[in-house]
Each structure stands twice: as C-alpha cells, then as structure tokens.
Chemist: 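There's a structure below that I have some questions on.
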Amino acid sequence: MALAFCGDEGNSTAYNVDHGVLNNGCFVDALNVVPHVFLLFITFPILFIGWGSQSSKVHIHHSTWLHFPGHNLRWILTFILLFVLVCEIAEGIVSDGVSESRHLHLYMPAGMAFLAAITSVVYYHNIETSNFPKLLIALLFYWTLAFITKTIKFVKFCDNGVGFSQLRFCLTGLLVVLYGMLLAVEINVIRVRRYVFFKTPKEVKPPEDLQDLGVRFLQPFVNLLSKGTYWWMNTFIKTAHKKPIDLKTIGKLPIAMRALTNYILLNEAFEAQKVCKRSSSPQGSRSIWRALCCAFGRPLLLSSTFRILADLLGFAGPLCISGIVHNVGKGNNTIRPQIKILGVFFISSQEFLSNAYVLAVLLFFALLLQRTFLQASYYVAIETGINLRGAIQTKIYNKIMQLSTSNMSMGEMTAGQICNLVAIDTNQLMWFFFLCPNLWAMPVQIIVGVLLLYYLLGISALIGAAVIIVLAPVQYFVATKLSQAQRSTLEYSNERLKKTNEMLRGIKLLKLYAWEHIFHSSVEETRQKEMTSLKSFALYTSISSNAYFCLSDFAQPLKVVNRKRPAREDWNNYSSHMRRPINITEADDFCVKITNGFFTWTPEGPPALSNIDIRIPQGQLTMIVGQVGCGKSSLLLAILGEMQKISGNISWSSCTSDSETGEDFRYGIVKRGAVAYASQKPWLLNATVEENITFESSFNKQRYKAVIDACSLQPDIDILPHGDQTQIGERGINLSGGQRQRISVARALYQQTNVVFLDDPFSALDIHLSDHLMQEGILKMLREDKRTIVLVTHKLQYLPHADWIIAMKDGNIQREGTLKDIQKSETELFEHWKTLMNRQDQELEKENPVLERTNLRRTMYSREALLKDDEEDEEDVTESDDDDNLSSVLHQRAKMPWRACGKYLSAAGILLLPLLLLSQLLKHTVMVAIDYCLALWTEHVISLKIEPETKNCSHCMEFDHSQYSKIFSVLCCLGIVLCLVTSIAVEWTGLKVTKKLHSSLLNKIILAPMRFFETTPLGSILNRFSADCNTIDQHIPATLECLSRSTLLCVSALAVISYVTPMFLIALVPLAIMCYFIQKYFRVASRDLQQLDDSTQLPLLSHFSETVEGLTTIRAFRYEAKFRQKLLEYTDSNNIASLFLTAANRWLEVRMEYIGACVVLIAAVTSITSCLYNKITSGLVGLGLTYALMVSNYLNWMVRNLADMEIQLGAVKRINGLLKTEAENYEGLLSSSQIPQNWPDRGEIQIQNLSVRYDSNLKPVLKHVNAHISPGQKIGICGRTGSGKSSFSLAFFRMVDTFEGRIIIDGIDIAKLPLQTLRSRLSIILQDPILFSGTIRFNLDPEKKCTDSMLWEALEIAQLKHVVKALPGGLDAIVTEGGENFSQGQRQLFCLARAFVRKTSIFIMDEATASIDMATENILQKVVMTAFADRTVVTIAHRVHTILNSDLVIVMKRGVILEYDKPEVLLEQEDSVFASFVQADK
C-alpha cells in the first residue's frame, strides 16, 4: 500500500483546493508542521553548540539554578501536551487504518509536535539552569505560531461540521487550549522578569540554599520531571559505586528542612494552641495532634492527594486488561467509520478505545503516571515525617534542658526512657505520617473497587463487599491483638535491655561475687516472656495480612512536671522583677547568699535541706565538710538551682554574671553567670581528652598545659594511643575512676569563670595526686586568681587552706566561719576534726615530686580498634597490605553476605528449613494454578458468548460451571492453608533462630574474660543485645518472607508471560540487564546510606544520654545554647542521611516501576499480536497481562528487600563475631567432692613467685611476688597509681592471667579450683560502688541466702541501719538505676554491707572508702577490726593512715613488692617508702 503525505488515491479530496487553500485538510496539517520545524531549527544549534560543552557541569554547579515564574505549571502543561499528542498520533494511525491509502498528514504533524514539545522543555530547562531568560524569546514565537496554526485547524473543523462526537475534534480543541496556556505562561515570564520589551530587566538571585555548594540534596530545587523520576540522584548513585558515601558526600540540609526551621514551625503551632485553649500549656494529646497537623498538615494533604490519584489510576489496569481481552476475543475489529470529511475518515472515542493496541498504550501511560504519583506520595509523606521527627526531637531536648534533677534521680524519667523516646517513638511518629495517607486512601480504594466490580459482575460484587464488612470485626480483633502483642514485646524488650545494661555495667562485680548465673537467669526469664509475646505476635501476623502499626505516647516528656524552682519556670517575665543585690558593699562582700532556705527534691517529700543561712565569700576558698549523706552535694545543687525551693532566698553577687555566658535562646535573661562545676560523679563527653577539658571554650595552649600539669594528667595522656586526641567515653577507651575525675576537675580549672564548684574532687585520687591538685590547681590556679571556689571534701587535712568553712549535719548547717572562729566557738568539733586529720594545723610546706606512671590499670586501646567489630566482615579473606586499595573495598561492598545468610538459615535446623522452602514453592505453584484455572474458565465462557450465531441461545446457557467451581474451590482452600503454613514457617524459623542466637550470645558474653569488657565499649556490646537482636527478632523474618514472596511472584509472573507469549523472552533480556545494573548500583548506595543513617543516629542518641547525665553540669556552665546547637547539628546530619535514603528508595522504585510498565506494554503487544494470529486464546492474554501487572508491583520490592536483607544480615554477622569470643575457663581440676565444704575456713594465703598480666600479649603487671599471710591477719597494701595494687587483689579471683607462680589458700592451689567455687568463697569491695535497680534486699543478698537479721547486722556494721530504717519499706525500699537515689558515699557503704553479708574468711577492700568522710571511715575501720577479728582482711588504701593498724604492710612499685613488714618496723626505718607515704599523708 502506497505512502504519501496526503494519501495517493486518484480522486482524493485531500488535493482539492477549489474552495481555498485553508479549506484543504492536508494543507492545514502541513501548515501545522511549520512552528515545530521552526523551533527545531532555532533551538538545536543553541542546545548542541551553546550547552553541549558545559552540559556535564550543570549537574555539579547548581548555584545558577532558578525557577522562572510558572515553572511547575509549564511542566504540567507540557506533560499533558505530550499525552494529548500521543493520543493524536494514535488516533491518526487508527483512523487511517481503514483507508486504502496511508495519509501521513494524519499523524506526522502530531509526531513533529511531540518532538518539538520535548525540545521546548529541554531548551527551557537549559535556559533556566543558566539563568539566561533572553533566549526564551524563541519559545514565545513558537507558542504563538503553534497556537495560531492549531486554532486555524480547529476553526476549519467547525466550518466543516466536525463535532464533539469525533475524537480528532476534541484533541484539536485540547491542543488549542494547551498552546494558549503555554503562551500565557511565556508572557507572564516576560511580565515578571522583564527580559524583553522593558528598559530594566529584573535581577533575581537563586535561593540561598543553591548558592551554598554544601547543599547537595536538590529535590526541592530541581524541575518537575527530575522531582518525579529522581533524576538528580543518578550522579549521586553512580558516585556511590565508585567511593563510599560519607557525611561530606551528602552535604548539608536545605534551610527549609533543618531541625531549627521545623522546630520554630512546630513551636508556633503549639503557641497557637495555647492561645486557643487560653491555658499555660496544651492539655492532652488532642492539642498536640492539632499542633502537629497545623504545622505539618499541608504536605500531608498533598501526599494524600497524590495517593488518591494513584489509587484511582490503579483501576485503569484491570479496566484496560478487561477491554483488551474483550476486543481480542472479537478479533480487534474496529467499526469502520462512516464519516469522511476533508478527504479522510474520522472516528469516535468509543471506536478509538475498541482497539486493543490503543488500550495497551493507554495501560502503559496509566501505569507510568500511577507509579509516579504513588512514589511522590510516599516521598512527600516520609519527608514530612522526617521534618516532624527533627522538630519533635528538638522539642524533647528543650524540655530535657528544663527537667528538674529530681525527675531523673527519683526514677520518674530515666536516661533509657528518654533514649527510647528519641530512638523509637519519634521514628514511630515519622512512620505514622508515612502511613497516614492510607487512612483515607484505603476507603476510596474499597468504595471504587466495589463499584467497579458491581459494574462488571453485578450482584456478585455486593456479596464480596458483604464478606469484607463481615470480616472487618475479625480484622479489627486481630489488629488489636497484634497491637497488644507488640506493646508487651516492647515492654519486655525494654526490661530485658535494662537488666542486660545493668549486668554489663556491673560485670566485674558479678564475676568477683560469682553472681553471673543469677543475672543470667534474670535476663533469660525476661527473654522467655519476650519470646512468648513474639510468638503471639508471629501467630497474629500469620493470620492477618495487614500489620497495624503502634504509635507510642511520645508526649510523655512534654507532660513531665517542670519541678525546678518557680524562678526557672518564670524566665519569660523575669526581666520585670529581677532582684538586685541589696547594696554594693554587700554585693562585694559575698558571691552567693542563702537566707532561710528550705529545699526539697520532690514537692510532696520532706525538705532535704532545712534552715540554710549561709554566705559564700567573693574570691575566696570555701570548704563544705560533713559526714556521708548530710547534704553537702545537695547544698551545691540547691545553690545552682537544681533543687526545688520551698522557701527562702538565693542572692548572687552582680560580679558573677559573666558577659560570656551563653544566653538561653528561649529565656533571654539569666540570673547568674556561668559556674565551673565538677560533679561528684565525673561526667565526660564522648569526645577527645582535649575537647573534654576545653569544653567548648577557645583553646589557650599555655593555660591548657598548666591545667594538665595541675591535675597530673600528662603521664596518663602519654600512655594513651593518640595522646590528648584520644576519644574517651562510651565510644572510646575506658578510663579509671581517678583519671575520669581528674579530667572532670581539669575542665572546671580550665574555664575562665568567676565561680568554681568542686564536689569531692579527691575521692578517687591517692594522697600524692590529691596534694598536687590542691597545691597547683585549687590554691595556685584558682585562689591566686581571686576566683570564688566552693570545695566539698572529706579530706579534712586541707581545712587550714580554707578561707571559709561550712560544716553540715543531717541536712542543716552545723557551723560556718573561718577555722579560727570554729576553733574558738566549737572546740569539740575542732578537736574532732584535729583527731581525724592526723596532723597539726600547719600548711603543706613542700611540693610533691612529679609523679611517674609507667603502667596503667588497663592498657588503652584506640577508638578505631574498639569500633572495628561493627565494620569487619567475617568472610573477608586475610588481606595483605596492598589489598587495601579502593577496588577491593568496592568489590566487597558490592557483594551479598551469603555466608551470614547461610548462618542464619542453618540456625533454623534441619526440619524447619525444608518446610520453609517447600511451603513457599507449593504456595506459589497453587497460586499460578488458581489463576490458570480462572483463565480457562473465563475463556470457555467468552468463547460461548461471542459466537451466538453458530449456536442457539438455549445451548449457550447450558454451560456447566460446576466442574470449574469445584476445582477452583479446592485450589483456593489449598492456597489459604499453604499461605498460613508458609507464614507460620517463616515466623517460627525467625523465632527459633533469634532464640538460639540470643541464648548463645548471652552465654558467651557473661562467661567472657574481664579483659574483653575492658577493651570493648559497653555501647558496642549493648547494641548487639538491643538493635541487632531487635533486627533478628522482628525485621529479618518479615524481610525474608517478603523477599521470597516477591522473588517467587516475579519468577512465576515471568514464567507465565513467557508461556503465553514466548516472543516476550527476547524483550526480557535487555530489561533484565537494566534491572541487574539498577539493583547493583542501588544496593551499594542503599547500604552506605542505611549505615550512615544508623551511624548518625548514634551521636544523636549519645548526645541525649550525655545531656541527661550531665544536665547539672551543662546548666551550671550555662551551656544550654551550645548543647542545643550541637543537637541541631546531630539531628540535621541524621535527617539528611534519612532523606537521601528515602530519595534512593524512590529512585529505585520509580525505575523498577517503569521497567514493570515496559514489561506490561511488551507483554500486551506480543499477546495481542499472538492472539490475532490465532496462536493463543483471549483468556491466556488476560492471564499474561494480569501477571505482567504483578511484575510491575513486585519488581522493586524484590530489590528493596534484597538491599534490606543485606543490611539486616549485618546484625547476624556482628553477633556471630561476638560468639567467637573465648570464654573464661570455669572448669577446675578439682571436683566439688575434693573441695572441703567450708573452704577456706582459716584464711591462710601463700603467694609463691607470682607473675600476672592482663593479656598474653601484654607486659606483666605483677612480677615474681612472694608473700605469706597468716590466718586472721590484717594486711595493708599501698603504693602509687599503677603500682599493681588492684592487680594484686584481682589475682586472688583469677581475673588476670597468672602465667607464672601460684596462690595457695588454705592448702589448695586456686588454679585447680572451678572459678565459680573460688569466687563464691571470697569477698571483695571495689573502689567504684555498683548498685542494681531493685530493692535493698536484692542488692545485699541476690542469692536469697540470708535472714533479715543478718542483713540488718551488715547494715549496722556499714553505718547504714538508721538510713534504711528511715526509708519506706525498709529492706524492701526501692533502689533506682545505678543507685541514683543515694549519695556516692552511701552507695559505697551499701557495697561494704554487701561484702559483710557474705561472711567469708578472706575479705579484700580495694580503696573501698574513697568517697566516705573520715569520721565514718574511722568508725568502719574499728568495726572491721572487731567484727572481722578472726578473718583475713586485705586492704588496698589511698589514705595510708587507714592501714597503720594493720598487722603487715606491703608497699608496691611497678608490679613488685618494695617493702613487706609490720607498719611499726617500716616507720622506724628512715629510708622507708612507707614512712614517706605516712609523712605525706599527715
């Protein structure tokens, strides 16, 4: 058949120009080509010559990107234009198909217009990115010409009687409107930008974000096409494959998405709610929801709109497939049009849509649009959720900054709760916003679906709808049960983590007391409860296909009562009634003054401090002394405003208000200046040593060096792997108590504040370090600078240095004044102090020599070495030095962790694994069989309906459905059973694996040697029990099920399509190659981004927990604003990683969806063609297309789940890494029958040539030690820090590696004893007090072996009986986490009582009285000597005077015994080291 522009019929009216040229249809169509040719000729040279050379730069330099007015409208109109032009091309081809000749003018102009429309938008995009609007004049001319020519064609159609019944008329009218609107957009650009026809063009700068090259998240700034397809991510994804992604790669957040911006938005909404409610704060969760909706509701509405549009377009698939099957059944015969105008045929829209190929193309476009809308909905919802999360986290942080100390110490709000709130609940809220559009999209889906089914099936559809309604209560019941199971799982999980955390924090004590089994059983018991909840959750998940989410009550911290004194609550109005000092002379006289002060921790509780009337002199050293628990630390906190004031006044001198203090950005005016505060319990940041000391202040090298010297930190720093740049805290190395305390004090010394508060800074230091710190730090650095110093201490020998002394007793001020005042007025008190001081009231006359430290208690490890367990892959082969190159790293990143997957599945056992595989295969086979049965059934019915002329009606109605219905019912029942079996098999596999892995991990960790805990950060071990176990518990089974389902669905779909049309396999090859490369690139980027998301969350959570722990210090320093700024940085880092991860997921899904749409198009075209040539039936065409739609749905899920599985298997890998930890050897050479029941009954210790070390590759810490301790002897061990004192005590418990010599206790070599037996028969009190949450009874006797009278006796010995009796519940009184509801000294006394309870014949005290005042210590010493007269007591002491009454003294230095004799003998020797220690301690 011939081909010509106007057709080649001899008598064609197409060439007839008798009635004028414009009345010739072919000429008008030719005229319509002119604008398109004009645009192509004008723009192509500019595009290829002008921008061709710099097109690659456009992606890199985005500082010139600027959207012209009407930018989004132009893109939307262009997309609609392209779609209408495709319809015009299709209409031309279809209508021309009925002619004997081919008329090119019916579709060629539309084809040129299509090309021109694409060119116009590419041209516009390049002009926009270059910000060169003058070149838009070409588009102005083009739209004008296109509008005129198309209008001429439309007018001529009207003149010739073509109306709305003809499709071409409608399309032409639409094109006229579209070209007119695009012309209007172009004119509007001229009006606003004034680039032509105006004298002065308008200069416009790009957005601030785009001028900052650090902003690399371009989603808000790119054009609509790039937004919809995430095209801007291409460069990023490709770069990720070449080098790992880090925070530098992803850059900064755009301003509109930053946490501060969104916090301000949320805060304004909260304030608006306050105004609406006319109350001080929004009441209840309803107000919070209103505020959230007000702040973030608009984007959520947009997301919901996209979702509803996507859902409505989703119905196009079934409708198009139905039409294709129907038309193919008829042989795709389009009704021959009767209307021939202007020499060509016209067709109606009905005739157009009765063409199967047209429906296939429409199906393709509907899928593209539907998937784009769906992904846009997801993206907008998640972006809103991420912005909301940042705002909520900032809101919570601001609330934490205002929390009263009592909220924390009384256990109302624990650090764990706050971390859960930030880590879990804010994420839950984010995901709620992501799922929110489903709430109204699902009802729309159900209603439209039922209406559509009713239209197709009639009354049967209503029966189906009735079934849905009937099953709704069942679904609700299952969802409720799921929610309950999830909630109880979370509760048990939190409880288990709390117990695990306590177990790990107190692991040294547990091992020394042989209590591992008690805590192991406790954790396992909670784990069993958690497993029960997980089982019910798994069961309900298997029953229900819809998992309901659970939203935790994030509002809890927002409702915690602000229990600070009223002044802190009222800061907004503070400026109006700020108290001024009474007069200048008085202000100069004192720094702080409290009059008639009564302070409490809780509003309902009794006053902790009563009748406080004190003044702290300006520029002088004030010391606060008193017994343990008398309220010394509480007084400091009361002065700082951390306690609730019942009555009285606190006045600060005007000179304490620094200009340097950080102002609170909410409250503006502050009452006092910054106070350099070192708390009793040292608080360190997860940062370097230098950063901990400088603490956000500017670095002054000279001052820094002086502070290091004053705190004797240089020898410690020299031993650290990276000096003062070594990371310390949870993420870095472990420091000893003394080192932590000295760094905390160094921070206070370094600050240039007028006031310094030091709370018991000497408790963990030996006498030499204490004296050096007192002389060089407090006296020389602070007092000489006329700084106001308040020092809480138990070391009464420093009282002569004090300018002012405050003596406390039972929460009251016993006496205040100078030492001479007290000597005169309180002679008895002064004499008591003098006795305790063990020396005359003269000042220290000589400086102590510079301390030497050649060994530390623990060998330090760098942060990098400690954190490697998170990064290492077990399957990596041992790499040589040059294997460290980038290509091998990239190769490892691209690999799937198959070995970890194998380990996971092998842990399921031999029975579950085959069941899992078999049930999955059977289920999908049955699903395909069901669909195939339906296809055959449908085909038989259709074949009878479309051939009525060959068969009479009665015969047509005689079709017997019973056979098919029976087969269909059996297959459906089998499918339901197999679905349930598969789901249960997956969940049960997951449960079995998680139970096995957790149990193995707990056993390994609790039996691991102490060395493991000293070289591995606690956070790293805890992460295995929390995040990794949670991943294995809940995520891996779901991902595994989803991955296997989506993979088998895709495979079965492709198999069915290939069976229906084998030709499809040819087109499948390029699509498969594309899929492979997309998933390959995506997996690498996704894993990096997921790890970045996780790793940026850790500093955020760490910052929260640091703030909670150091709240008092932060507020004392007035560093709230600085810490808030840090939080904003951490939140933004986490949010940018989350946003990039979301964009990467959308990037993948859009591409996979588009490939799926291509699969549908190819399958449709090949199926229709095969059917028309009678190769296959229409029923199989429908089957093939239905499965093609399935590929489109599940292709991206397959890749996403593959990427998720790869990340989640990292948890299995890390746990398996810990499972390789070598356990301590608990077995002994002696059996229990060979060990006497009451061993050791005498307490005789023989140490023979003992050498020990912490690890086989480290130097010995004790060398060839020999000693003999007789039964009942009291031994004192002293020596400087690092001399091996503690190592000596640990050797008795085999906590260190004894590689030479032996220890014999009561005739038995301890190396032959089982560890459990050895440790359970000895007692030790450690320097660091450890208490567990629970009751006092549990803390004293977790084994439940003692009677109440024995416990009270132990408490009496420890001077705690009166304290415990005063508590509600007595022995059953609650101890909060870490014993925070007791003072440091009281905690140490409880640890003493715990050791007394054991009543073993050998008793070791390792610097056990460091935090106890001298008076209490003296009483304890006497009690120990009398109560333990018949027991062997080994005392390791900082204060040498405490061991003067010992029977024997051992002086150690560098791991060897320097002196070993009775104290009186050593004191008589002039050159004795012990004598010099005693002299220094006076």
Side-chain angles (χ1 to χ4, degrees), residues 401-402 404-405 564-565 567-568 571 574 578-579 581 587 590-594 597 599 609 612 614-624 632-643 645 649-664 667 669-683 685 692-697 707 741 743-761 777-778 781-783 785-793 803-804 806 1107 1109-1123:
M401 279 295 189
Q402 298 166 50
S404 163
T405 314
K564 308 188 76 59
R565 64 190 191 284
R568 191 179 284 275
W571 275 352
Y574 188 73
M578 183 174 176
R579 285 178 183 269
F590 70 87
C591 170
V592 187
K593 186 177 181 181
I594 301 178
F599 300 92
L609 298 174
I612 305 296
I614 58 161
R615 67 181 186 87
I616 291 167
Q618 184 79 40
Q620 295 184 0
L621 171 58
T622 302
M623 288 193 191
I624 302 175
K632 300 183 297 298
S633 299
S634 298
L635 182 62
L636 285 190
L637 294 174
I639 295 169
L640 289 170
E642 294 295 329
M643 290 183 75
K645 184 174 69 178
N649 289 311
I650 303 174
S651 309
W652 283 82
S653 162
S654 57
C655 30
T656 61
S657 295
D658 295 329
S659 59
E660 296 174 11
T661 58
E663 286 195 357
D664 188 306
Y667 302 110
I669 295 174
V670 291
K671 189 173 181 180
R672 59 167 173 79
V675 173
Y677 172 64
S679 58
Q680 188 177 18
K681 183 183 176 184
W683 172 69
L685 294 165
N692 266 284
I693 293 170
T694 56
F695 197 52
E696 304 289 328
S697 300
V707 168
Q741 193 158 43
I743 290 172
S744 179
V745 172
R747 178 197 297 143
L749 295 184
Y750 184 82
Q751 304 304 311
Q752 297 280 9
T753 55
N754 292 330
V755 186
V756 182
F757 282 9
L758 303 173
D759 192 354
D760 204 5
I778 295 169
M781 286 191 76
L782 298 180
R783 195 161 70 168
D785 278 358
K786 297 293 180 190
R787 310 267 281 282
T788 305
I789 313 144
V790 181
L791 173 68
V792 171
T793 184
D803 301 307
W804 193 256
I806 297 171
T1107 304
E1109 287 168 17
L1111 204 49
T1112 313
T1113 308
I1114 295 165
R1115 289 201 288 237
F1117 275 83
R1118 285 279 180 251
Y1119 272 10
E1120 293 99 327
K1122 288 182 180 180
F1123 273 74

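The structure displayed is predicted, hence computed values, not measured ones.
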Chemist: Quick one, Met643 and Leu609 - any side-chain contact, counting heavy atoms below 4.5 Å?
Modeler: yes
Chemist: Give the minimum heavy-atom separation between Ile650 and Ala638, together with the two atoms involved.
Modeler: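 So the minimum-distance heavy-atom pair works out to CD1-O, 3.4 Å.
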Chemist: Verify side chain to side chain contact (heavy atoms under 4.5 Å, CB included) between Val707 and Met781, making sure each step is shown before the conclusion.
Modeler: CA-CA 8 Å; Val707 168; Met781 286 191 76; 3.5 Å; yes
Chemist: About how many Å separate CG of Leu635 and CG of Leu637, when rounded to the nearest 0.5 Å?
Modeler: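 Answer for the CG-CG pair, Leu637 versus Leu635, is 9.0 Å.
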Chemist: State, to 0.1 Å, how close Asp759 and Ser633 come at their nearest heavy-atom pair, and which atoms those are.
Modeler: OD2-OG, 2.8 Å
Chemist: Are Val792 and Gln680 close enough, and set up right, to give a side chain to side chain contact (heavy atoms under 4.5 Å, CB included), and what steps lead you there?
Modeler: CA-CA 9 Å; Val792 171; Gln680 188 177 18; over 6 Å; no
Chemist: Could you check whether Ser697 and Gln751, counting side-chain N and O atoms only, form a donor-acceptor pair closer than 3.5 Å?
Modeler: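 Per modelled atom types, Gln751 and Ser697 side chains form a pair under 3.5 Å.
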Chemist: Distance check, rounded to the nearest 0.5 Å: Thr622 atom OG1 versus Leu791 atom CG?
Modeler: 9.5 Å
Chemist: Thr1113: which residues meet the side chain to side chain contact (heavy atoms under 4.5 Å, CB included) condition with it, sequence neighbours left out?
Modeler: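 Partners of Thr1113 by the side chain to side chain contact (heavy atoms under 4.5 Å, CB included) criterion, ordered by chain and then number, come out as Tyr677, Ser679, Trp683, Arg747, Phe1117.
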Chemist: Once you round to the nearest 0.5 Å, how far does CD of Gln618 lie from NZ of Lys593?
Modeler: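 Nearest 0.5 Å value for the CD-NZ distance: 13.5 Å.
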Chemist: Go through Ile616 and Trp804 one step at a time and tell me if the side chain to side chain contact (heavy atoms under 4.5 Å, CB included) criterion holds.
Modeler: CA-CA 8 Å; Ile616 291 167; Trp804 193 256; 5.8 Å; no
Chemist: Is any side-chain N of the basic residue among Glu1120 and Arg1118 closer than 4.0 Å to the acidic one's carboxylate O?
Modeler: yes
Chemist: CD1 of Ile612 to CD1 of Ile594: how many Å apart, nearest 0.5 Å?
Modeler: 7.0 Å
Chemist: Do Leu640 and Phe757 have side-chain heavy atoms sitting under 4.5 Å apart?
Modeler: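 Counting from C-beta outward, Leu640 and Phe757 do come under 4.5 Å.
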Chemist: Rounded to the nearest 0.5 Å, how far does CD1 of Ile639 lie from OG of Ser634?
Modeler: 11.0 Å
Chemist: One pair to check against side chain to side chain contact (heavy atoms under 4.5 Å, CB included): Val790 and Ile624. What are the steps and the verdict?
Modeler: CA-CA 7 Å; Val790 181; Ile624 302 175; 3.6 Å; yes
Chemist: Output the distance between atom CZ (Arg615) and atom SG (Cys591), rounded to the nearest 0.5 Å.
Modeler: 11.5 Å
Chemist: So that I can tick it off, tell me whether Lys632 and Asp760 are bridged by a salt bridge, with the cut-off set at under 4.0 angstrom between side-chain N and carboxylate O.
Modeler: no
Chemist: Any salt bridge linking Glu642 with Arg1115? Criterion: basic side-chain nitrogen under 4.0 Å from a carboxylate oxygen.
Modeler: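 Looking at Arg1115 together with Glu642, the answer is yes, because their closest N to O distance falls below 4.0 Å.
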Chemist: Determine whether Asp803 and Arg783 make a side-chain contact, defined as any pair of heavy atoms from C-beta on separated by less than 4.5 Å.
Modeler: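 The answer is yes, as the side chains (C-beta and beyond) meet within the 4.5 Å cut-off.
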Chemist: For a quick test of reading the model, state the closest non-hydrogen atom pair linking Ala748 to Val756 and the distance between them.
Modeler: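 In this case the closest contact between Ala748 and Val756 is CB-CG1, 4.2 Å.
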Chemist: Just wondering, do Pro617 and Thr788 contact through their side chains at under 4.5 Å, heavy atoms?
Modeler: no
Chemist: Looking only at non-hydrogen atoms, find the nearest pair between Thr753 and Val755 and report the distance.
Modeler: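 In this case the closest contact between Thr753 and Val755 is OG1-O, 3.1 Å.
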